[in-house]
Amino acid sequence: MIDIKALRDDPDVGRHSQRARGADETLVDRILAADAEQRSLLTAFETLRAEQKAISKSVGKASPEDRPAVLAQAKALADGVKEAEAAADAARTELDALLWQMPNIVVDGVPEGGEDDYVVLRHEGTIRDFDAEGFAPRDHLEIGEGLGGIDMARGAKVSGSRFHYLVGLGARLQLALLNAAMDRAIAHGFLPVITPTLVKPEIMAGTGFLGAHADEIYHLPVDDLYLVGTSEVALAGYHSGEIVDLEAGPLRYAGWSSCFRREAGAGGKDNRGIVRVHQFDKIEMFVYTTQEEAAAEHERLLAWEEEMLQIAGLPYRVIDTAAGDLGSSAARKFDCEAWVPSQGTYREMTSTSNCTTFQARRLGVRQRTQDGSTRPVATLNGTLATTRWIVAILENHQREDGSVEVPEGLRGYLGGLAELRA
RNA sequence: GGAGAGGUGACAGAGCGGCCGAAUGUGACGGUCUUGAAAACCGUUGUUGUGCAAGCAACCAGGGGUUCGAAUCCCCUCCUCUCCGCCA
């Protein structure tokens, strides 16, 4: 939810943001019109209501002979009050509907445009030259199957396409990766949390996932619950409706959960292997901080993501995502993309978003300020490790004979194992 | 799943259909006292919307209803606790 007061004061900021996203600019003006309508109807109702309350109060004090007259007067007002209230409620509902459609205001400096208009901030690490080494890199599935670590066929048999089993070394590699990520998070002051993976509609809506990409989300109609696509959802909901204390610094949580995505729009993309699956596991950083600190915290989250990529020994690049490719709740987003040799391209491994006050407004997360008043906090999230990393790790560290060298930073999490070999 | 009890402000805990946004206690904050602290005493202490402001309005789990008027009466839903059953 954007700040309606700020929009009233300076609608152009909203219009600019919409334009940068390639979204509908007229939404801003429709919101302002609905806002003006709502406030005028609310004032009308409140005035009538105050009058009614005054008269109602006098009923009890009226003398027996006056009472019938006062009662009649009060009765006459009741219908009008109800009508005015209904009108004000309807206007509020309409305004809310429009407000909930409005995505977050993008931060100044975010590149304009769509998916392909990202800006590459830098490259890190060295890409292996397989030609020079004298062999063609296998793709992650071939390596994984060779190790007995990934089983797509049985995943499909049991659950359908885009489901997989991680077995033996595959399972151990994922656990190693996630444990390493959690340990780093703890070292940086995050509180580890294992979250629910089913959440209520208002929580899912509050995080901004039920907008344009609602068809990505699994819904269980019998119980009206949603399967989370990331523990960000459960961690954003954790303090919903609360006034949190940020006096001692930001609240940093590291969530561990399975994540579920319908991949409805994926078409025939990434059909092979575990690059894009319906269910995977992830360690996610989630931070509640002040509006002033949000941008600096965003940089820190990015740095911690990069630390993990270095532990996994992956060459990667960092991109500043274009406005049109931001989720509805993000004001800015950095992705780290690791090199995937078999594809000859970079693929997203981490994504960190600064949601400013957008989610906090929707979920009612506020802080107490020095002067005793309250105001929305800022929320941020970022990936520390996911199942997909296995793709990059297997491919970048493969050897000609099909074995895989374990990056040094992960060996301790694999019982000291230096290589994966069938 | 069955039976019962209950959900009120940061917490504990009152609350006859109108004088209840809500007693009282604790906590927190400010002050008096004190060399300092404790104790004692005095005062302050919910959120939101709207309005230039005074103010007005809303909120007592959530949603409907009755009434001139609902924290208080009725209905539905959710959650918590106790007991029983069932199943990991």
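Lettering follows sequence order; numbering is per chain, from 1.
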Both distances below 3.5 Å, Watson-Crick or wobble geometry, any strand: find the nucleotide opposite [N].
N: A40(B); value: U32(B)
N: A5(B); value: U80(B)
N: A23(B); value: none
N: A54(B); value: none

Is there a donor N/O on one and an acceptor N/O on the other, under 3.5 Å, for the side chain of Gln52(A) and the base of G69(B)?
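Per atom types, no contact qualifies.
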
Round to a whole Å and report the spacing from [atom1] of [X] to [atom2] of [N].
X: Arg366(A); N: U47(B); atom1: CZ; atom2: P; answer: 8 Å
X: Glu85(A); N: A70(B); atom1: CD; atom2: P; answer: 10 Å
X: Lys82(A); N: G65(B); atom1: NZ; atom2: P; answer: 8 Å
X: Asp89(A); N: G49(B); atom1: CG; atom2: C1'; answer: 13 Å
X: Arg39(A); N: U50(B); atom1: CZ; atom2: C1'; answer: 9 Å
X: Leu48(A); N: G69(B); atom1: CG; atom2: P; answer: 13 Å
X: Gln38(A); N: G51(B); atom1: CD; atom2: C1'; answer: 13 Å
X: Met1(A); N: G49(B); atom1: CE; atom2: P; answer: 12 Å

Between [Y] and [X], is there a salt bridge with N-O shorter than 4.0 Å?
X: Arg19(A); Y: Glu25(A); result: yes
X: Asp320(A); Y: Arg332(A); result: yes
X: Arg375(A); Y: Glu292(A); result: yes
X: Arg300(A); Y: Glu293(A); result: yes
X: Lys82(A); Y: Glu85(A); result: no

Does [X] reach a base, just sugar-phosphate, or nothing at all? Heavy atoms under 4.0 Å.
X: Arg368(A); result: sugar-phosphate
X: Thr47(A); result: nothing
X: Arg375(A); result: nothing

Is the shortest side-chain N/O distance from [X] to OP1 or OP2 of [N] below 4.0 Å?
X: Arg49(A); N: A58(B); value: yes
X: Arg92(A); N: G49(B); value: no
X: Lys53(A); N: G55(B); value: no

Taking atom [atom1] in both [N] and [M], compute the distance separating them and give it to the nearest angstrom.
N: A37(B); M: U72(B); atom1: C1'; result: 47 Å
N: G63(B); M: C68(B); atom1: C1'; result: 24 Å
N: G9(B); M: C16(B); atom1: C1'; result: 22 Å
N: C73(B); M: C81(B); atom1: P; result: 25 Å
N: G85(B); M: A71(B); atom1: P; result: 42 Å
N: C56(B); M: G62(B); atom1: C1'; result: 26 Å
N: U77(B); M: A22(B); atom1: C1'; result: 26 Å
N: C29(B); M: U35(B); atom1: P; result: 23 Å

Of the listed nucleotides (U47(B), C68(B), A57(B)), which one gets closest to any side-chain atom of Lys75(A)?
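Out of U47(B), C68(B), A57(B), the nucleotide with an atom closest to Lys75(A)'s side chain is C68(B).
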
Nucleotide nearest Ala78(A) when distance is taken to its side chain, options A58(B), C68(B), G51(B)
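Of A58(B), C68(B), G51(B), C68(B) is nearest to the side chain of Ala78(A).
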
Are any of the side-chain heavy atoms of Arg276(A) and Arg388(A) separated by less than 4.5 Å?
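Yes, close enough: below the 4.5 Å cut-off.
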
Could you pick out which residue, Lys200(A) or Ala74(A), lies toward the 5' side of RNA chain B when each is mapped onto its nearest nucleotide?
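The answer here is Ala74(A).
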
When you match Phe45(A) and Ile4(A) each to their closest nucleotide on RNA chain B, which lands nearer the 5' end?
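Looking at RNA chain B, the more 5' nearest nucleotide goes with Ile4(A).
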
With a 6.0 Å cut-off on ring centres, are Tyr288(A) and Phe286(A) close enough?
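Yes, close enough.
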
